[in-house]
Protein chains: 2
Amino acid sequence: MLTECMQVIAGAWAPNVIWSLRAGPRRFNELKSDIPPVSSKVLSARLSELESRGVLLRHVRPTSPPSVEYELTDLGLELIPALEAIVQVGHKLKQLQGYQFEQDAAE
Amino acid sequence: MLTECMQVIAGAWAPNVIWSLRAGPRRFNELKSDIPPVSSKVLSARLSELESRGVLLRHVRPTSPPSVEYELTDLGLELIPALEAIVQVGHKLKQLQGYQFEQDAAE
DNA sequence: CCGAATCCAGCGAGATACTG
DNA sequence: CAGTATCTCGCTGGATTCGG
């Protein structure tokens with residue numbers, strides 16, 4: 001069970017995508033800006049995976065230039081507290097024993 | 001921040017190890033039995049990583065044959081609710097839209 | 001029983017370039 | 001703007017073997 005369920009947030013930058021969407025819908029290039037090291041290819045792959053898993057929704061607006069918005073589903077929103085809990089533990093580990101993390105500007 | 005904190009549960013079978021230890025201390029081969037597909041090498045690697053990160057403790061008992069127990073630290077225990085939340089979402093996705101998971105005997 | 005050492009293969013991520 | 005198409009490369013995990 002655990003292993004399969006973990007697939008929901010598997011893949012590079014998947015947690016970051018969910019994290020970036022926690023405050024509301026965002027567009028492709030906004031997400032790309034939120035997560036500088038991610039490439040278009042990988043971001044695109046992750047978004048389509050997360051969509052097919054029911055974590056997020058994709059809205060295409062027939063404007064010119066094209067505009068696509070992504071937002072979390074109700075189920076996707078339920079992942080936020082989980083990620084927050086992990087971040088909490090990470091923080092405490094950092095403080096308690098000076099565990100070295102790499103630099104990362106994003107909250 | 002998120003990215004570094006996620007490192008705490010990174011690596012194959014790391015979440016499973018934490019999951020298996022949630023009910024109390026377990027020995028190396030018990031963990032290996034709990035997580036059939038994991039190899040000794042990887043389990044060993046993961047345990048030492050998780051130990052160095054402060055997620056779990058390693059107790060060596062000077063018996064013969066050797067006996068080593070692993071148990072979660074307080075910080076490690078804080079990860080349990082996070083994993084449970086993810087499992088909850090996984091379950092709901094499975095039910096709501098018949099998303100196909102692979103077979104897995106473990107709870 | 002609990003690992004460490006070695007070797008190897010695969011997959012997935014990164015870079016780059018291109019399109020509607 | 002929002003992706004897709006290739007290609008390469010490196011890491012990580014699997015299998016196996018050996019040791020305290």
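Letters A, B, ... mirror the listed sequences (proteins, then strands); counts begin at 1.
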Under 3.5 Å, side chain of [X] to main-chain N/O of [Y], donor-acceptor pair present?
| X | Y | answer |
| --- | --- | --- |
| Gln88(A) | Ala85(A) | no |
| Ser20(B) | Asn16(B) | yes |
| Lys32(B) | Val38(B) | yes |

What N/O pairs connect the protein and nucleotides 12-14 of chain D at under 3.5 Å? Give each pair on its own line.
| residue | atom | partner | partner atom | Å |
| --- | --- | --- | --- | --- |
| dG13(D) | OP1 | Ala12(B) | N | 2.8 |
| dG13(D) | OP1 | Arg46(B) | NH1 | 3.4 |
| dG13(D) | OP2 | Arg46(B) | NH1 | 2.9 |
| dG13(D) | OP2 | Arg46(B) | NH2 | 3.2 |
| dG13(D) | N7 | Lys41(B) | NZ | 3.2 |
| dG14(D) | O6 | Lys41(B) | NZ | 2.1 |

Using nucleotides 1-3 of chain C, report all nitrogen or oxygen pairs with the protein that are shorter than 3.5 Å.
| residue | atom | partner | partner atom | Å |
| --- | --- | --- | --- | --- |
| dC1(C) | O3' | Arg27(B) | NH2 | 3.2 |
| dC1(C) | O3' | Pro66(B) | O | 3.4 |
| dC2(C) | OP1 | Arg27(B) | NE | 3.2 |
| dC2(C) | OP1 | Arg27(B) | NH2 | 3.2 |
| dC2(C) | OP2 | Asn29(B) | N | 3.2 |
| dC2(C) | OP2 | Asn29(B) | OD1 | 3.4 |
| dC2(C) | OP2 | Asn29(B) | ND2 | 3.4 |
| dG3(C) | OP1 | Arg58(B) | NH1 | 2.1 |
| dG3(C) | OP1 | Tyr70(B) | OH | 3.4 |
| dG3(C) | OP2 | Tyr70(B) | OH | 2.2 |

So for the helix from dC1(C)-dG20(D) to dG20(C)-dC1(D), with five pairs setting each end axis, what is the inter-axis angle to 10°?
50°
So that I can tick it off, tell me whether [Y] and [X] are bridged by a salt bridge, with the cut-off set at under 4.0 angstrom between side-chain N and carboxylate O.
| X | Y | value |
| --- | --- | --- |
| Glu49(A) | Arg46(A) | yes |
| Arg26(B) | Glu69(B) | no |
| Glu84(A) | Arg22(A) | no |

Starting at NZ of Lys32(A) and ending at C1' of dT4(D), how long is that distance when rounded to a whole Å?
14 Å
Measure from CG on Leu43(A) to C1' on dG14(C) and round the result to the nearest Å.
14 Å
Cluster question for you: counting only ILVMFWY and a side-chain heavy-atom cut-off of under 4.5 Å, with indirect links fine, are [X] and [Y] together?
| X | Y | result |
| --- | --- | --- |
| Leu31(B) | Leu77(B) | yes |
| Val8(A) | Ile80(A) | yes |
| Leu47(B) | Val42(B) | yes |

Let me see the working for Glu71(B) and Arg58(B) under salt bridge (charged side-chain N to carboxylate O under 4.0 Å, His left out), right down to the final yes or no.
CA-CA 7 Å; Glu71(B) 71 176 320; Arg58(B) 185 180 128 111; over 6 Å; no
